Visitor: 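What follows is a single structure, and I will ask about it in a moment.
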Amino acid sequence: MNAPVSNATYIHPTAVVDKGAVIGLGTKVWHFCHLMSSCRIGSNCILGQNTFVASHVMIGDDVKIQNNVSLYEGVVLDNEVFVGPSAVFTNVLNPRAHIERKAEYRPTLVGQGATIGANAVIVCGNAIGQYAMVGAGSVVTKDVLPFELVYGNPARVMAWVSRAGEKLHFDASGQATCPSSGEKYELKENRVRPL
């Protein structure tokens, strides 16, 4: 471990943190993780066993990343994102072993509060909107709007969800109430917004 960390931050002895990595207060980095230089991890995050974070990856506050996830250059996770075990992020559309394409990395932005299910694949160059949910094993090949629930291969819109992750059932006027939080939502022009 080469990067300076605060007393409130925990890094397991088997983790490798390269010089220049920035780790926020209260973050926990578990067994066999590797954080490369120039990555930025926010406060109060959890990086599960065997997480890889490439240089220049940005992770917000209160993010939970489960075991066996690799975040390659170009990935940005906003605050409160959940990434399920073995989810896959790419950064090049047409990789070849014999051709270097580092200048062709495409960004992937995951918005605040979004959930990526276990074993999902996020093809680079796409954005996952705030509080969206990507089902386990799905393959995301296009942008996911805020509050959309998508799953399948390729991932398709199956429903809308609240900030609490509950399915929303809209009435004839385009209004819905989250069954667990009581928050109200509106569906208008194929977009959901909290009221």
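Values reported hereafter were calculated over all heavy atoms of this structure, with side chains retained and with hydrogens, waters and symmetry mates removed. Because the structure is predicted, anything quoted here is derived from the model rather than measured.
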Visitor: Verify the distance criterion only: is there a donor paired with an acceptor across the side chains of Asn50 and Asn68 at less than 3.5 Å?
Guide: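 Asn68 and Asn50 do have a side-chain donor-acceptor pair below 3.5 Å.
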Visitor: Which value, rounded to the nearest 0.5 Å, describes the distance between Ile128 atom CD1 and Leu109 atom CG?
Guide: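 Those atoms lie 9.0 Å apart.
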Visitor: Check Leu47, Val110, Asn91, Ile65 against Leu71 for a side chain to side chain contact (heavy atoms under 4.5 Å, CB included) and give me the one that passes.
Guide: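 With Leu71 as partner, Leu47, Val110, Asn91, Ile65 yield a single side chain to side chain contact (heavy atoms under 4.5 Å, CB included), made by Ile65.
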Visitor: CD1/Ile59 to CG/Leu35 distance, rounded to the nearest 0.5 angstrom?
Guide: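 Rounded to the nearest 0.5 Å, the CD1-CG separation comes to 7.0 Å.
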Visitor: Should Val83 and Met133 be counted in the same cluster of Ile, Leu, Val, Met, Phe, Trp and Tyr side chains packed under 4.5 Å apart?
Guide: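 Not linked; separate clusters.
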Visitor: Using the rule given for side-chain contact (heavy atoms from CB on, under 4.5 Å), can you reason through Tyr185 versus Cys178, listing the C-alpha separation, both sets of side-chain angles and the distance that settles it, and then say yes or no?
Guide: CA-CA 8 Å; Tyr185 292 84; Cys178 173; 4.2 Å; yes
Visitor: Calculate, to the nearest 0.5 Å, the distance between atoms CH2 and OG1 belonging to Trp30 and Thr51 respectively.
Guide: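 The OG1 atom of Thr51 is 12.0 Å from CH2 of Trp30, to the nearest 0.5 Å.
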Visitor: Given side-chain contact (heavy atoms from CB on, under 4.5 Å), test Leu195 with Arg193 step by step and report yes or no.
Guide: CA-CA 6 Å; Leu195 294 174; Arg193 68 178 185 91; 3.7 Å; yes
Visitor: In Å, rounded to the nearest 0.5 Å, how long is the span from CD1 of Ile41 to CE of Met58?
Guide: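 It comes to 10.0 Å.
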Visitor: Give me the atom names and distance for the closest heavy-atom approach of Glu186 to Phe170.
Guide: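 Heavy atoms of Glu186 and Phe170 come nearest at C-CE2, 3.8 Å.
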Visitor: Write down the atom of Ala87, the atom of Ile116, and the distance for their closest heavy-atom approach.
Guide: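 That closest heavy-atom pairing would be CB-CG2, 4.0 Å.
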Visitor: Would you say Thr9's side chain and Gly24's backbone share a donor-acceptor pair under 3.5 angstrom?
Guide: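 Yes: the side chain of Thr9 pairs with the backbone of Gly24.
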Visitor: Is it the case that one hydrophobic cluster holds both Tyr72 and Val69, taking links as side-chain heavy atoms less than 4.5 Å apart, direct or via other members?
Guide: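 In one cluster with Tyr72: Val69, no.
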Visitor: Give the minimum heavy-atom separation between Val144 and Ala132, together with the two atoms involved.
Guide: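 So the minimum-distance heavy-atom pair works out to CG1-CB, 3.7 Å.
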Visitor: Do Glu104 and Asn94 pass the side-chain contact (heavy atoms from CB on, under 4.5 Å) test, and can you show the C-alpha distance, the side-chain angles, and the key distance before you say yes or no?
Guide: CA-CA 9 Å; Glu104 299 176 30; Asn94 56 343; 3.9 Å; yes
Visitor: Any donor and acceptor pair, going by atom type alone, linking the side chain of Ser55 with main-chain N or O of Ser37 inside 3.5 Å?
Guide: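 Side chain of Ser55 to backbone of Ser37, a donor-acceptor pair under 3.5 Å: yes, one is there.
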Visitor: According to a hydrophobic-cluster definition based on side-chain heavy atoms being under 4.5 Å apart (Ile, Leu, Val, Met, Phe, Trp, Tyr only), do Val88 and Val139 belong together?
Guide: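 Per the 4.5 Å side-chain linkage, Val88 and Val139 are co-clustered.
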Visitor: Where the side chain of Asp61 meets the backbone of Ser43, is there a donor-acceptor pair that is under 3.5 Å apart?
Guide: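 Yes.
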Visitor: For Val150 and Ser138, work out which heavy atoms get closest and say how close.
Guide: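 That would be O-OG, 4.0 Å.
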Visitor: Ignoring hydrogens, what is the shortest heavy-atom contact between Met36 and Asp18? Give both atom names and the distance.
Guide: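 Heavy atoms only, the tightest pair is CA-OD2, 3.4 Å.
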Visitor: Taking Ser70 for the side chain and Phe89 for the main chain, is one N or O donor matched with an acceptor at less than 3.5 Å?
Guide: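 Not at all, since once roles are kept as given, no pair shorter than 3.5 Å links the two residues.
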Visitor: Can you label the angle between the His34 ring and the Phe52 ring as parallel, tilted or perpendicular, going by 30° and 60°?
Guide: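 Geometry flag for Phe52 against His34: perpendicular rings.
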Visitor: Spell out, yes or no, whether Phe32 and Tyr10 are grouped together once hydrophobic residues are joined by side-chain heavy atoms under 4.5 Å, including indirect joins.
Guide: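 Different clusters: Phe32 never reaches Tyr10 through Ile, Leu, Val, Met, Phe, Trp or Tyr contacts under 4.5 Å.
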Visitor: What do you reckon, is CZ of Arg101 surrounded by more than 12 foreign heavy atoms closer than 6.0 Å?
Guide: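 Enclosed.
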Visitor: Rounded to the nearest 0.5 Å, how far does CD1 of Ile46 lie from OG1 of Thr27?
Guide: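 Going from the OG1 atom of Thr27 to the CD1 atom of Ile46 covers 9.0 Å.
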Visitor: Where do Ile122 and Val140 land on the side-chain contact (heavy atoms from CB on, under 4.5 Å) test, with the steps shown first?
Guide: CA-CA 5 Å; Ile122 311 301; Val140 173; 3.6 Å; yes
Visitor: Can you give me the closest heavy-atom contact between Gln112 and Asp78, atom names plus distance?
Guide: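 Minimum heavy-atom contact is N-CB, 3.4 Å.
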Visitor: Can you tell me how far CZ of Phe82 sits from NZ of Lys64, rounded to the nearest 0.5 angstrom?
Guide: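 Atom-to-atom, Lys64:NZ and Phe82:CZ are 8.5 Å apart.
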Visitor: Show me the donor-acceptor pairs, under 3.5 Å and distance only, between side chains in residues 154-167 and residues at least two apart or in other chains.
Guide:
from	atom 1	to	atom 2	distance (Å)
Arg156	NH1	Pro154	O	3.2
Ser162	OG	Ala164	N	3.2
Ser162	OG	Gly165	N	3.4
Ser162	OG	Glu166	N	3.3
Arg163	NE	Glu183	OE1	3.3
Arg163	NE	Glu183	OE2	3.2
Arg163	NH2	Glu183	OE2	3.0

Visitor: Do Ser86 and Asn67 come within less than 4.5 Å of each other through their side chains, counting heavy atoms only?
Guide: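 Counting from C-beta outward, Ser86 and Asn67 never come under 4.5 Å.
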